[in-house]
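Below: the structure, in structure tokens.
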Amino acid sequence: MTETTTSPDRPTLLLIDGHSMAFRAFFALPVEKFSTTTGQHTNAVYGFTSMLINLLKQERPTHIAVAFDLDKPTFRDSQYDAYKAGRNATPNEFKGQVELITRVLTAMNIRTVTAAGFEADDVIATLATQGEDANFDVLVVTGDRDAFQLVDDAVTVLYPRKGVTDLPRMDAAAVEEKYFVPPNRYPDLAALVGETADNLPGVPGVGPKTAAKWITQYDGLDGVLAHAPEIKGKVGDSLRAHLDDVRRNRQLNRLVTDVELPVGLDHLGISAPDREAVDELFDALEIRTLQPRLFELFGEQEEPPAADEIVAPDPTTPSTAAELTAWFAAAPGQVALVPLVDGGDCTTLVLVAEPAGADAAGAAEAEPAADGGDTGQAAEAVAARVDLTALDADAEAVLAGWLGDRDAPKVVHDLKTVYKLLRGGRGLVLDGAVDDPSLSGYLLQPDRRSYELADLAQHHLRISIAGTDAAGTQTELDLTGDQEQTRVATAARNGVVLLRLSRYLTDELAARGSADLMTRLELPLAKILGDMELAGIAADTAHLTGLTDDFGAAIDAAQREAFAVIGKEINLGSPKQLQAVIFDELELPRTKKIKTGYTTDADAITDLIARTDGHPFLVALLAYRDASKLRQTVEGLVKSVADDGRIHTTYVQNIAATGRLSSMNPNLQNIPIRTDEGRRIREVFVVGDGYRTLLTADYSQIEMRIMAHLSGDEALIEAFRNGEDLHRFVGSHVFGVAPADVTPAMRSKVKAMSYGLAYGLSSFGLSKQLAIGVDEARTLMGDYFSRFGAVRDYLRGIVETARKDGYTSTIEGRRRYLPDLSSDNRQLREMAERAALNAPIQGSAADIIKKAMLGVDRAITAAGLSSRMLLQVHDELVLEVAAGEEEALTALVQEQMAGAADLTVPLEVQVGLGRSWHEAAH
DNA sequence: TACGTAACGTA
DNA sequence: CGTACGTTACGTAA
């Protein structure tokens with residue numbers, strides 16, 4: 001399929017006119033179909049990159065460069081004032097995309113070349129000439145016809161016919177066929193015919209045919225000009241009237257072939273893309289579909305992975321109590337622990353120990369393997385493979401002792417998973433973890449998408465350990481049993497990488513002063529989360545099915561109602577069909593525009609209902625939506641009830657950039673509570689066998705309290721100290737009335753604003769949310785800030801500091817980096833500003849409840865209780881209470897949660913007991 | 001089948 | 001034109 005007309009034994013130089021092709025790409029692809037969630041248009045970037053990948057694949061160039069114009073005037077502008085005048089302004093959607101393209105090129109290790117005073121064409125002409133002199137085949141990709149003058153035996157122009165995918169080869173024959181003159185005479189012809197794109201008028205009445213005829217007849221443009229007086233007819237007159245234009249055109253369309261350039265051919269050799277940079281950029285641009293195409297292309301010539309440098313020790317196989325004891329005694333310093341998993345069961349542990357190097361602590365001086373023989377070389381890594389299925393009781397006791405030894409330092413990737421694997425599957429308790437790169441990597445860069453070992457190793461150590469898989473997926477855990485040797489070897493190799501990575505990350509964290517956050521918060525929390533996940537929460541399945549039926553009936557009723565109104569049946573779950581009905585058939589007013597037309601979201605529909613005086617279709621639609629959302633939630637829960645009759649969520653500790661946890665499979669952090677119907681779902685979560693009741697404990701208004709603490713606003717602090725109803729208190733200040741006279745309307749306005757502030761709410765946003773005028777919203781905010789001035793100062797200060805430092809910090813020193821605070825793109829910048837406002841508040845709240853969880857766990861153990869924590873929902877904990885422990889646990893949880901932070905305002909905790917989550921709520 | 005989009009639940 | 005998440009159904013896709 002890869003047809004190549006260039007000679008295989010000659011090097012090929014690919015030269016691209018960047019701006020020209022980007023512009024073509026821009027018009028070839030629909031701009032509205034290519035944009036990021038932040039509104040950055042990417043159609044030109046996508047089209048250009050796609051074209052580039054195709055070219056790389058089809059032409060297999062050995063050298064490549066992309067030339068760009070500079071904004072500065074060129075010599076052509078000084079020769080002709082109106083050069084390129086009259087062009088339409090570049091569309092706004094195009095602006096900025098060229099910059100993105102240069103970033104793509106940089107990530108792909110492709111040189112971009114510019115030259116002051118010259119156009120991209122001149123740069124290309126110069127490089128083409130150099131390439132030709134050096135015996136290259138040269139391919140020029142441009143939408144500018146002037147490049148045809150470069151064509152000869154060695155140089156071919158790929159000139160886009162339509163879009164950027166159809167690039168016919170314009171060799172000498174093709175140029176001649178199209179323009180009736182050889183390539184070197186194309187500029188003569190263009191001078192006569194003119195070039196509208198450059199605002200170069202030619203001779204009126206003279207097209208390519210006439211021009212070619214003259215050029216051939218008089219042997220070039222000079223000949224034509226010399227014989228101008230004798231050319232007959234109207235065209236002759238026309239020519240004579242425009243001789244100056246023709247001379248000027250010819251002067252301007254001559255490409256310069258000796259521009260001084262900062263690069264030569266030897267800088268243009270092709271090399272593999274910077275995989276990490278490409279991933280990062282393509283992810284940011286949300287054009288992920290191009291990555292596989294690109295990496296597939298370079299997969300075969302990918303440099304041998306640096307993993308080869310990593311000498312993975314050949315694992316020994318200690319299996320008796322004595323052998324294990326000896327191995328653990330001899331293992332120097334930290335031990336990396338890598339599990340091998342078969343069908344969800346951990347069958348083998350691969351352990352790797354490596355001396356920490358010259359600066360290593362005493363542990364590294366430990367003697368070499370006791371029974372290994374060779375001594376002297378202290379820097380040898382050692383590995384062991386422990387088959388968990390083949391240990392006798394004594395050996396297992398030794399292993400269990402080491403695993404549970406909190407003073408035997410271990411490095412584990414994805415600690416929570418490994419902890420659960422060992423504890424849940426084999427009853428082995430893991431303790432003594434000193435690092436988990438998936439967590440330390442997260443604290444260093446909380447915005448990263450992946451903390452896979454391979455990604456972290458690549459990013460921080462520049463070590464490639466990804467398999468051959470183009471997607472870069474980790475495959476170690478999925479390998480089938482017959483590749484046991486490979487699995488073990490890979491695991492040992494990963495163990496070595498793990499130790500090095502951990503050393504690096506730990507140092508980085510320490511240098512930044514975040515070591516405690518890791519070792520005293522996240523790491524111990526991982527174990528607690530593991531226990532909570534293993535415990536799960538009991539589900540009342542009978543109630544679950546009852547709810548399914550109830551919500552199902554509600555869905556049917558709403559659906560029937562909706563169909564009756566419009567007189568036909570559609571899929572109410574399809575936004576597309578809804579749009580057709582609402583806007584086209586019912587001809588109701590249009591709502592906010594979205595990518596696929598007009599939104600049919602609940603806000604918009606509610607608004608429409610008000611404006612249509614309660615259109616019955618819309619009312620039925622909302623009822624349908626409510627009911628089907630609820631049934632959907634219930635069905636999800638039904639599916640996730642495990643064999644033990646409990647629902648086990650998975651908490652993710654390194655997803656939320658603010659430091660919060662997230663919950664998935666199922667998500668138990670978004671169980672409905674706001675409506676009565678929805679709240680019934682919480683009746684499903686009940687106390688399990690062997691326990692007496694559930695306990696819920698939640699912080700009241702923790703984010704506002706943090707805001708009061710961080711801002712030091714005296715008025716706000718006073719409100720909390722007095723223990724008043726916060727929103728009533730704030731309302732009385734803002735509206736200047738007594739607290740008792742604050743109406744519910746006033747209270748809810750103030751409440752919306754208080755919370756909105758922590759999210760960077762604008763007066764526009766507030767007006768929309770409260771359905772009041774922008775002026776009123778502005779006044780409201782003004783009044784608010786005049787009473788709580790320190791809050792305003794604090795919020796301003798956050799953004800300023802974050803812009804200066806590049807990151808925000810929580811009360812525990814958790815950082816979030818926000819490079820977009822200094823972006824030129826307003827939308828990106830303002831988004832980052834809102835994130836900066838929110839991160840310290842949301843993140844500090846996350847710190848506090850995490851600390852509280854450690855405290856509760858510790859206190860339960862200390863008090864010898866058998867109650868246990870089950871769920872965390874950002875500001876709430878759910879516990880399962882053993883008989884007789886209600887009182888003690890209530891006090892303990894109160895104390896630990898309230899004492900988790902020392903703020904200038906009290907932390908108030910509300911506790912409730914009940915047999916279900918619903919009943920326990922207060 | 002895989003993916004992005006729209007919608008919507010929580011704090 | 002308010003932050004942080006996860007899940008689902010729909011509809012189209014290279």
Side-chain angles (χ1 to χ4, degrees), chain A residues 33-37 39 46 50 54 165 286-290 292-293 446-447 471 571-579 592 594-605 621-622 625-626 628-637 639-640 649-652 655-675 678-679 681-682 698-699 701-703 752-769 774 777 808 816 818 826-827 830-843 845-846 849 871-876:
Chain A
K33 290 274 281 183
F34 292 85
S35 57
T36 66
T37 49
Y46 185 95
S50 175
N54 285 341
T165 44
E286 298 167 24
I287 50 176
R288 297 181 190 85
T289 50
L290 292 178
R293 281 170 60 194
D447 278 287
N571 181 351
L572 293 174
S574 160
K576 199 181 167 189
Q577 295 179 41
L578 285 175
Q579 284 180 35
K592 197 179 71 169
I594 54 172
K595 261 186 188 158
T596 55
Y598 299 91
T599 183
T600 63
D601 68 18
D603 267 357
I605 298 298
L621 172 61
L622 285 189
R625 284 246 179 95
D626 282 346
S628 54
K629 179 76 180 175
L630 291 174
R631 190 177 63 175
Q632 186 185 303
T633 303
V634 171
E635 280 175 348
L637 291 175
K639 284 190 201 118
S640 46
T649 185
T650 301
Y651 290 103
V652 190
I655 285 278
T658 53
R660 273 191 177 178
L661 299 176
S662 76
S663 156
M664 51 184 258
N665 297 324
N667 181 356
L668 295 187
Q669 291 179 323
N670 73 341
I671 302 301
I673 192 170
R674 295 193 179 164
T675 65
R679 218 175 355 245
I681 298 180
R682 294 189 173 223
D698 63 60
Y699 284 114
Q701 292 152 343
I702 188 168
E703 295 195 342
M753 187 160 50
S754 287
Y755 279 100
L757 286 178
Y759 303 147
L761 187 67
S762 65
S763 49
F764 180 90
L766 185 67
S767 75
K768 227 180 70 167
Q769 197 193 314
V774 179
T808 60
R816 177 170 185 188
L818 293 161
R826 201 181 84 172
Q827 193 177 354
E830 291 181 342
M831 231 173 198
E833 285 170 357
R834 291 191 294 271
L837 289 175
N838 180 247
I841 298 171
Q842 189 183 115
I849 194 160
L871 305 179
Q872 189 253 44
V873 191
H874 306 309
D875 67 354
E876 174 186 11

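Here the structure is a predicted model, which means the values were calculated and not measured.
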### Task
Remember a base hit wins even if backbone is also touched, and classify A:Ala602 as base, sugar-phosphate or nothing at under 4.0 Å, heavy atoms.
sugar-phosphate
### Query
Is there a side-chain polar atom (N or O) of A:Lys592 under 4.0 Å from OP1 or OP2 of C:dC1?
no
### Task
For A:Arg834, answer base if it contacts any base atom (sugar-phosphate contacts may also be present), sugar-phosphate if it contacts only those atoms, and nothing otherwise; contact means non-hydrogen atoms under 4.0 Å.
sugar-phosphate
### Task
Sorted by first residue and then second, give each salt bridge (charged side-chain N to carboxylate O under 4.0 Å, His left out) pair with at least one member in residues 656-670 of chain A; sequence neighbours left out.
A:Arg660-A:Glu703
### Message
If the condition is salt bridge (Lys or Arg N to Asp or Glu O under 4.0 Å), which residues does A:Arg674 pass it with, not counting sequence neighbours?
### Response
none
### Query
Within the modelled atom types, does a donor on one side and an acceptor on the other bring the side chain of A:Arg625 and the base of B:dA7 under 3.5 Å apart?
no
### Query
Counting side-chain heavy atoms from CB outward, which of B:dA7, B:dT10, C:dC5 is closest to A:Ala656?
C:dC5
### Query
In chain order, what residues pass the ring-ring contact (aromatic ring centres under 6.0 Å, His included) check against A:Phe34, with sequence neighbours excluded?
A:Tyr46
### Task
Could you pull out all residues at least two apart from A:Tyr759 that satisfy ring-ring contact (aromatic ring centres under 6.0 Å, His included)?
none
### Task
Fill in the dot-bracket string of DNA chain C, one character per base: . for unpaired, | for a pair to another strand, ( ) or [ ] for pairs within the strand, taking Watson-Crick or G-U pairs under 3.5 Å.
..|||||||||||.
#### Entry: salt bridge (Lys or Arg N to Asp or Glu O under 4.0 Å) between A:Glu635 and A:Arg631, worked out
CA-CA 6 Å; A:Glu635 280 175 348; A:Arg631 190 177 63 175; 3.8 Å; yes
### Query
With sugar-phosphate meaning primed atoms plus P, OP1 and OP2, does A:Ser663 contact a base, only sugar-phosphate, or nothing at under 4.0 Å between heavy atoms?
sugar-phosphate
### Task
Could you check whether A:Ala657 gets within reach of a base, just the sugar-phosphate, or nothing at all, counting any heavy atom under 4.0 Å?
sugar-phosphate
#### Entry: Residues forming a salt bridge (Lys or Arg N to Asp or Glu O under 4.0 Å) with A:Arg293, sequence neighbours excluded
none
